[in-house]
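To start, the structure itself, in structure tokens.
Numbers here are sequence positions counted from 1.
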Amino acid sequence: MGTLRPSVEELSLRLDEIDAVVSDLDGVVWRGRETLPGVPEFFSALRSRGLPVVFATNNSGKTPAEYVERLGGLGVPGVEERDVVTSGVVTAAYLQEHYPVGAAVHVLGNPGLLALIAAAGFTVTRGDEPAVAVVVSVARDLSFDKLALAASAVGAGADFIGTNCDPTVPVPGGLLPGSGSVIAAVEVASGRRARLLGKPEAAMFEHALKVLGSAPSRTLMIGDRLDTDILGAQRASLRTALVLTGSTTVAALAEGAVRPDLVCPDLNGLLAAVLSGRPTL
């Protein structure tokens, strides 16, 4: 397993140079309703060392306030809404930069995403009203009719925005379809490609770094996906740590071209590795 950790010693020696941490949620802190190992201990250790944390998730289904409440219940206190950057937050910011206040935006997604876009000053539609943009994400109430309405609006010329490309979401016992699966359906039906905003795209990391006020090279990204968390962070010049509690298996890691700075089984293993300088796999 040594080849999977090409620079664990380097990371441990340079830990004092890390000023801030970006952490994923699904597959790192929790998996569905299951809390993953080491959560309160790991983030308490970061807090005791004065390292600020931003939680960056491609999951757009909840608002930052809902995530703050859940994290507090897991023993991760002191998190503010600005410390939670979802793909919905980044999408709402993008809309504010490109469209006038009050513009109609067709949204196919969960309630948290609709609430964020409405709070950003837009008129959220889910019917056949004309819209300047169509935002597509994972939707638990997905139906043929809702797919058809979104595809029709895109086909009529509305800008097509996807919150993120994650094909799946980790839950206890397996994986569920993610935003990427729903976006792909609308892409095929409309014949157009979506503009993606979540990880691994730059917008998510730029937003997180702006909140933290840290330089990319002095910021550590913790994630469970090679194709979004790790690849996106590396493109943005962040240091990277992969935990194997989510979507990436040891086999997939061995076969993939993306190499994190550090690989650990979970947050407990990550804490032990960065404190001791010894790999845990």
Side-chain angles (χ1 to χ4, degrees), residues 19-33 35-36 39-40 42-99 101 105 107 109-124 135 137-140 161-164 166 169 178-179 197-199 201-214 216 219-224 228-229 232-233 236 238 267:
D19 294 332
V21 173
V22 181
S23 176
D24 188 23
L25 287 171
D26 291 294
V28 175
V29 176
W30 53 61
R31 190 178 177 105
R33 295 183 180 277
T35 304
L36 294 170
V39 170
F42 182 81
F43 292 106
S44 293
L46 294 184
R47 177 177 289 274
S48 70
R49 287 162 176 77
L51 292 175
V53 181
V54 157
F55 294 93
T57 175
N58 269 351
N59 194 327
S60 64
K62 297 184 183 299
T63 64
E66 291 174 299
Y67 283 120
V68 167
E69 181 178 4
R70 183 171 182 184
L71 286 164
L74 299 182
V76 187
V79 181
E80 300 180 7
E81 290 185 34
R82 69 188 298 271
D83 302 326
V84 180
V85 180
T86 72
S87 62
V89 168
V90 176
T91 298
Y94 176 87
L95 292 172
Q96 288 177 320
E97 292 175 3
H98 291 86
Y99 305 100
V101 173
V105 177
V107 182
N110 285 325
L113 178 61
L114 274 68
L116 282 171
I117 293 176
F122 297 95
T123 301
V124 173
V135 174
S137 187
V138 69
R140 288 191 173 274
I161 300 165
T163 57
N164 67 90
D166 285 3
V169 177
S179 295
L197 297 176
K199 297 174 290 185
E201 305 303 321
M204 177 77 79
F205 298 97
E206 290 171 354
H207 195 120
L209 290 169
K210 184 177 180 180
V211 172
L212 289 167
S214 58
T219 305
L220 175 66
M221 173 70 205
I222 305 167
D224 73 304
T228 55
D229 300 321
L238 280 70
L267 290 180

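Between Asp83 and Val211 there is a side-chain heavy-atom pair separated by less than 4.5 Å. Proximity of Leu116 to Thr91: side-chain heavy atoms (C-beta onward) are nowhere separated by under 4.5 Å. The side-chain heavy atoms of Pro216 and Leu238, taken from C-beta on, include a pair separated by under 4.5 Å. Leu71 has its side chain out of reach of Phe43: every pair of non-hydrogen atoms, C-beta onward, lies at least 4.5 Å apart.
In terms of heavy atoms, Ala65 sits closest to Glu81 at CB-OE2, 3.6 Å. Across all their heavy atoms, Asn110 and Ala139 have their closest contact at OD1-CA, 3.5 Å. When all heavy atoms are compared, the tightest approach of Ser23 to Val29 is OG-CG2, 4.3 Å. Across every non-hydrogen atom of Ala92 and Phe122, the tightest pair is O-CE1, 4.5 Å. Scanning both residues, Leu74 and Pro40, for their nearest heavy atoms gives O-CB, 3.8 Å.
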- [ ] Take Leu36 and Val28 through the test side-chain contact (heavy atoms from CB on, under 4.5 Å) and record every step on the way to the result.
- [x] CA-CA 7 Å; Leu36 294 170; Val28 175; 5.5 Å; no
- request: Please lay out, stage by stage, how Phe55 and Val76 fare under the test side-chain contact (heavy atoms from CB on, under 4.5 Å).
  value: CA-CA 11 Å; Phe55 294 93; Val76 187; 4.1 Å; yes
May I have the step-by-step check of side-chain contact (heavy atoms from CB on, under 4.5 Å) for Ile222 and Leu267, ending in yes or no? CA-CA 9 Å; Ile222 305 167; Leu267 290 180; 4.3 Å; yes
Evaluate the criterion side-chain contact (heavy atoms from CB on, under 4.5 Å) for residue pair Val89 and Val84; output intermediate values, then yes/no.
-> CA-CA 9 Å; Val89 168; Val84 180; over 6 Å; no
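Rounding to the nearest 0.5 angstrom, the gap separating the NZ atom in Lys62 from the CG atom in Leu113 is 13.0 Å. Interatomic distance, Asp26 CG to Asn58 CG, rounded to the nearest 0.5 Å: 9.0 Å. Taking CE from Met204 and CG from Asp24, the interatomic distance works out to 8.5 Å, rounded to the nearest 0.5 Å. Note that CG of Asn164 and CD of Glu201 are 10.0 Å apart. Values are rounded to the nearest 0.5 Å. Here the straight-line distance linking atom CZ of Arg82 with atom NZ of Lys210 works out to 10.0 Å at 0.5 Å rounding. Rounding to the nearest 0.5 angstrom, the gap separating the CD1 atom in Ile117 from the CG atom in Leu95 is 5.5 Å.
Ring geometry for Tyr99 against Tyr94 counts as perpendicular: the plane angle is over 60°, on a 0 to 90° scale with 30° as the lower cut.
Arg49 places a side-chain N or O within donor-acceptor distance of the main-chain N or O of Ala45, the cut-off being under 3.5 Å. Within the 3.5 Å criterion, the main-chain N or O of Met221 finds no donor-acceptor partner in the side chain of Asp229. Side-chain N or O atoms of Asn59 include one that pairs as donor or acceptor with a backbone N or O of Gly61 at under 3.5 Å.
With respect to Thr219, the side chain to side chain contact (heavy atoms under 4.5 Å, CB included) criterion is satisfied by exactly one of Val22, Val21, Asp19: Val22.
Atom CD of Gln96 has more than 12 neighbouring heavy atoms from other residues, nucleotides or ligands inside a 6.0 Å radius.
Looking at Arg31 and Asp224, no side-chain N of the basic residue comes within less than 4.0 Å of a carboxylate O on the acidic one, giving no salt bridge.
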